[in-house]
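Remarks on the structure that follows.
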Amino acid sequence: MARVRKPAKTGTARPVHERLLDAACDVFAERGYRGASVEELAARAKTTKPTLYAHFGDKQRLYAACLNTQAERLSESLFDTYDKAAGLPLDEQVHADMLAFYDYAAAHPGGFRLLFDDRAEESPHPVRGELLRSITARVAERVTAVATAHDRRIDSATSGMLADILVGIAVHGARYALRVHPDDLGRAGALASSFATAGLRHLDPALLDSHS
């Protein structure tokens with residue numbers, strides 16, 4: 001399973017590094033990579049351009065550090081929920097998994113936008129693909145585990161496809177809700193959970209059978 005790379009350590013005092021990074025992430029989330037100037041990044045962090053360069057090297061590396069940090073935070077939050085919800089009934093697992101995604105978007109809207117907003121496409125970075133692959137792989141494992149617990153055979157291609165659909169509901173649904181109903185992501189998460197659970201419960205069992 002793909003792992004999200006952690007930001008490289010710089011040896012700088014961590015609280016200062018985090019403050020600069022969090023401020024930069026907010027600007028990138030608001031302006032996009034191209035729209036965020038180094039001057040604005042420094043001003044938001046209440047520091048100077050030389051200080052930013054000393055910590056991160058240049059704008060591109062600062063952007064990469066933001067992406068890595070946000071990806072690591074999201075994956076750790078989701079995977080912790082997955083571990084705690086393992087073994088619960090299907091509807092409770094889906095509910096917990098979906099709400100974890102939407103709750104993260106509500107608590108960290110800037111970080112979520114940085115990872116998944118439409119403007120993220122203007123500056124492609126491999127960490128986004130790694131993040132989605134790692135999340136999808138974990139969800140596929142959970143789909144297989146649930147099917148097995150209900151004595152259903154399912155091949156890896158089918159579990160992978162279902163996982164990709166579920167992750168898509170989480171990503172695109174939360175992105176839409178964050179843009180249109182930013183103060184009601186809990187309801188949006190519950191709606192996504194209900195939709196996903198209904199879909200999984202009404203799958204044709206014949207479509208799940210392994211062909212290998």
Side-chain angles (χ1 to χ4, degrees), residues 2-81 100-136 167-186 188-189 192:
R3 297 287 183 182
V4 176
R5 292 190 298 271
K6 294 183 178 181
K9 295 182 179 179
T10 63
T12 309
R14 191 58 183 166
V16 174
H17 190 86
E18 286 182 350
R19 177 175 61 81
L20 298 178
L21 192 60
D22 287 344
C25 289
D26 288 340
V27 176
F28 282 130
E30 295 167 11
R31 307 288 191 194
Y33 177 78
R34 295 175 185 170
S37 67
V38 177
E39 290 78 9
E40 185 176 7
L41 291 166
R44 183 71 66 89
K46 296 182 172 59
T47 189
T48 64
K49 288 170 60 176
T51 299
L52 277 182
Y53 289 138
H55 277 257
F56 301 101
D58 56 28
K59 177 182 172 181
Q60 187 174 9
R61 292 179 182 176
L62 175 56
Y63 185 69
C66 285
L67 288 176
N68 274 283
T69 298
Q70 297 302 326
E72 183 180 348
R73 289 175 181 174
L74 174 59
S75 61
E76 287 181 351
S77 176
L78 293 179
F79 295 167
D80 180 63
T81 297
F101 220 105
Y102 284 73
D103 286 348
Y104 190 89
H108 308 280
F112 189 88
R113 290 190 183 99
L114 189 63
L115 291 169
F116 300 116
D117 191 82
D118 290 336
R119 284 186 302 183
E121 298 176 0
E122 73 182 25
S123 183
H125 194 281
V127 71
R128 292 191 178 94
E130 293 174 12
L131 173 64
L132 287 173
R133 282 191 293 273
S134 65
I135 294 172
T136 303
V167 173
I169 293 172
V171 171
H172 295 289
R175 186 170 67 181
Y176 176 85
L178 195 59
R179 184 173 64 249
V180 179
H181 301 293
D183 298 324
D184 201 12
L185 264 73

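The structure presented is a predicted model; accordingly, all values stated were derived computationally and were not measured. Residue numbers count from 1 along this sequence.
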Mind checking the [atom1]-[atom2] spacing from [X] to [Y]? Nearest 0.5 Å is all I need.
X    : Y   : atom1 : atom2 : result
L115 : L67 : CG    : CG    : 6.0 Å
D22  : E18 : CG    : CD    : 6.5 Å
H108 : C25 : NE2   : SG    : 11.5 Å
E39  : T48 : CD    : OG1   : 11.5 Å
L21  : H55 : CG    : NE2   : 10.5 Å

Practice task
Using distance alone, with no hydrogens and no angle criterion, decide if H172 and R175 have a side-chain donor and acceptor under 3.5 Å apart.
Solution key: yes

Please answer whether the main-chain N or O of [Y] pairs with a side-chain N or O of [X] as donor and acceptor at a distance below 3.5 Å.
X    : Y    : value
S134 : L131 : yes
R113 : A29  : no
K59  : L41  : no
T51  : T47  : no
T136 : R133 : no
S75  : A71  : yes
Y102 : G186 : no
N68  : A64  : yes

Practice task
Give a yes or no on this: more than 12 heavy atoms of other residues, nucleotides or ligands lie within 6.0 Å of atom CD of Q60.
Solution key: no

Compare every heavy atom of [Y] with every heavy atom of [X], then report the nearest pair and how far apart it is.
X    : Y    : answer
L20  : A45  : CD2-CB, 3.7 Å
V27  : E40  : CG1-CD, 4.0 Å
F28  : C66  : CD1-SG, 3.9 Å
I169 : A192 : CG2-CB, 3.9 Å
L185 : A177 : CD1-O, 3.9 Å

Exercise for the section: Go through the steps to decide whether D117 and R31 satisfy the test salt bridge (Lys or Arg N to Asp or Glu O under 4.0 Å), and finish with yes or no. Expected result: CA-CA 11 Å; D117 191 82; R31 307 288 191 194; over 6 Å; no

Practice task
Taking the side chain as every heavy atom from C-beta outward, state whether T69 and R73 have any atom pair closer than 4.5 Å.
Solution key: yes

Problem - Close side-chain approach of L132 to F116, heavy-atom, < 4.5 Å - result: yes

Exercise for the section: Decide, yes or no, whether a salt bridge links R19 with D26 under the criterion of side-chain N to carboxylate O below 4.0 Å. Expected result: no

Problem - R44/E30 salt bridge by N-O under 4.0 Å criterion - result: yes

Practice task
Measure from the ring center of Y104 to the ring center of F112 and say whether it is less than 6.0 Å.
Solution key: no

Handout entry: Chi angles and distances behind the side chain to side chain contact (heavy atoms under 4.5 Å, CB included) call for Y53, V38
Key = CA-CA 9 Å; Y53 289 138; V38 177; 3.6 Å; yes

